[in-house]
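Labels below follow one simple rule: chain letters A, B, ... track the order of the sequence lines, proteins then strands, and each chain is numbered from 1. Predicted model, so just to flag it, every value in this text is computed and none were measured.
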Number of protein chains: 2
Amino acid sequence: MKEFCCPENEPNESDLRPVEGPDAEQELAALAKALGHPARVQIVRFLSRRSTCVCGEIVDQLPLSQSTVSQHLKVLKEVDIVQGSIDGPRVCYCLNPRTLRRLRALISSL
Amino acid sequence: MKEFCCPENEPNESDLRPVEGPDAEQELAALAKALGHPARVQIVRFLSRRSTCVCGEIVDQLPLSQSTVSQHLKVLKEVDIVQGSIDGPRVCYCLNPRTLRRLRALISSL
DNA sequence: TTCTTTCATCGCAAATCTACGATGATACTT
DNA sequence: AAGTATCATCGTAGATTTGCGATGAAAGAA
């Protein structure tokens with residue numbers, strides 16, 4: 001199983017962007033909106049359970065068509081919660097730990 | 001300024017509900033959806049800056065009509081992020097720290 | 001009572017979201 | 001080249017969301 005698509009997890013990496021102000025509020029709203037659907041939470045949870053990237057088995061986990069799951073993955077990729085990289089005929093997906101840390105920081109500041 | 005609408009903040013209060021499983025995923029999706037709009041994030045931020053409850057000055061903070069702000073407040077109240085209580089002709093709003101802690105727990109588990 | 005203030009709700013139009021099947025794109029296999 | 005597998009995109013129908021003005025409900029003031 002390839003893992004090249006998974007970014008390094010660097011716990012000490014700090015995000016210097018502010019957690020308050022108009023930009024931060026807009027960013028939090030966009031991230032929350034992307035997570036605001038049960039199917040997308042399930043996708044994130046599924047990727048979270050696997051520590052590595054997941055290639056081509058997400059559709060099997062959801063009671064939705066392939067095109068619908070692809071749409072949900074697109075939403076998660078647009079806000080960089082999920083990253084995808086091509087692996088031959090497949091696509092490997094993984095969470096972006098940097099974005100998740102950012103989300104936690106924004107939520108914590110509320 | 002009355003504060004009777006504000007629940008006690010008990011930092012040591014623990015929430016025993018699981019942060020994983022279908023129910024938790026549904027709950028997180030509902031909370032994230034409620035936060036998934038810039039105006040609603042701004043409302044929460046505004047209530048967060050004030051440590052007490054806020055009576056009748058939220059509309060002034062947003063470039064939206066009174067009815068629209070009321071709708072957004074309704075969304076936040078439906079998921080119990082915001083609480084409102086009547087104070088004469090006004091309504092006092094405040095955050096529910098219990099729900100916010102729950103949200104942080106759910107996000108942290110991703 | 002009548003007026004005013006404050007907030008909720010109604011009704012509607014426009015925009016966005018959701019889900020699906022069909023189709024397209026890409027890469028591997030034979 | 002032809003076929004297969006995997007995922008993205010297109011087109012579309014139905015549902016939901018968003019925003020607003022108009023109206024309703026409740027409480028205090030005159």
Side-chain angles (χ1 to χ4, degrees), chain A residues 1-2 4-5 25-26 28-44 46-47 50 52-95, chain B residues 1-2 4-5 25-26 28-44 46-47 50 52-95:
Chain A
M1 173 71 73
K2 297 181 183 180
F4 63 89
C5 70
E25 289 170 5
Q26 193 75 32
L28 174 53
L31 288 170
K33 184 176 184 179
L35 271 183
H37 191 286
R40 293 196 287 269
V41 171
Q42 288 174 41
I43 290 172
V44 172
F46 179 68
L47 293 175
R50 314 296 186 89
T52 73
C53 58
V54 170
C55 301
E57 39 180 325
I58 295 182
V59 174
D60 309 329
Q61 307 296 319
L62 296 171
L64 296 169
S65 72
Q66 180 267 325
S67 62
T68 301
V69 174
S70 187
Q71 290 266 29
H72 284 305
L73 281 166
K74 184 181 180 182
V75 172
L76 292 170
K77 281 191 283 188
E78 279 170 351
V79 296
D80 209 26
I81 289 178
V82 163
Q83 290 178 317
S85 58
I86 298 173
D87 173 25
R90 301 192 167 197
V91 177
C92 295
Y93 299 100
C94 57
L95 298 178
Chain B
M1 175 71 73
K2 297 181 182 177
F4 63 89
C5 70
E25 290 170 4
Q26 194 76 31
L28 174 53
L31 289 170
K33 185 177 184 180
L35 271 184
H37 191 286
R40 293 197 285 270
V41 171
Q42 289 174 42
I43 290 173
V44 172
F46 178 68
L47 293 175
R50 315 295 187 91
T52 74
C53 58
V54 170
C55 301
E57 40 180 324
I58 296 181
V59 174
D60 309 329
Q61 307 297 320
L62 296 171
L64 295 169
S65 74
Q66 181 268 325
S67 62
T68 301
V69 173
S70 186
Q71 290 266 29
H72 285 305
L73 280 165
K74 183 180 181 183
V75 172
L76 291 171
K77 281 191 284 187
E78 280 171 351
V79 297
D80 209 27
I81 289 177
V82 163
Q83 290 178 316
S85 58
I86 297 172
D87 173 24
R90 300 190 167 197
V91 178
C92 296
Y93 299 99
C94 58
L95 297 178

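For the side-chain contact (heavy atoms from CB on, under 4.5 Å) test with Y93(A), the passing option among Q83(A), K77(A), R50(A) is K77(A); the others fail.
Between the CD atom of E57(B) and the P atom of dC7(C) there is a distance of 9 Å, given to the nearest Å. Counting to the nearest Å, the P atom of dT18(C) and the NE2 atom of H72(A) are 6 Å from each other. Between the CG atom of L35(B) and the P atom of dT17(D) there is a distance of 15 Å, rounded to whole Å. A straight line from CD of Q42(A) to P of dT18(C) spans 14 Å, rounded to a whole angstrom.
Here the two cysteines C92(B) and C55(B) have their SG atoms closer than 2.5 angstrom.
Listed nucleotides dG19(D), dT6(C), dC7(D) differ in distance to T68(B); the shortest reach to its side chain belongs to dG19(D). Side chain of S70(A), nearest nucleotide from dT9(D), dT17(D), dT9(C): dT9(D). Of the candidates dA8(C), dA19(C), dT17(D), dA19(C) carries the atom nearest the H37(A) side chain, counting heavy atoms from C-beta on.
Within 4.0 Å (heavy atoms only), L64(A) reaches sugar-phosphate atoms of the nucleic acid but no base atom.
Residues K33(A) and E78(A) are not paired through a salt bridge, judged by the lack of any N-O separation under 4.0 Å between the basic side chain and the carboxylate. Ionic pairing of R90(B) and E57(B) is not present here: no N-O contact between side-chain nitrogen and carboxylate oxygen is shorter than 4.0 angstrom.
Residue-to-nucleotide proximity on DNA chain C shows that, of S65(A) and Q71(B), the 5′-proximal contact is made by Q71(B).
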Per-nt protein contacts along nucleotides 22-30 of chain D (heavy atom under 4.0 Å; B base, S backbone sugar-phosphate only, - none) come out as B----SS--

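With 3.5 Å as the limit, one finds a donor-acceptor pair spanning the side chains of T68(A) and S65(A).
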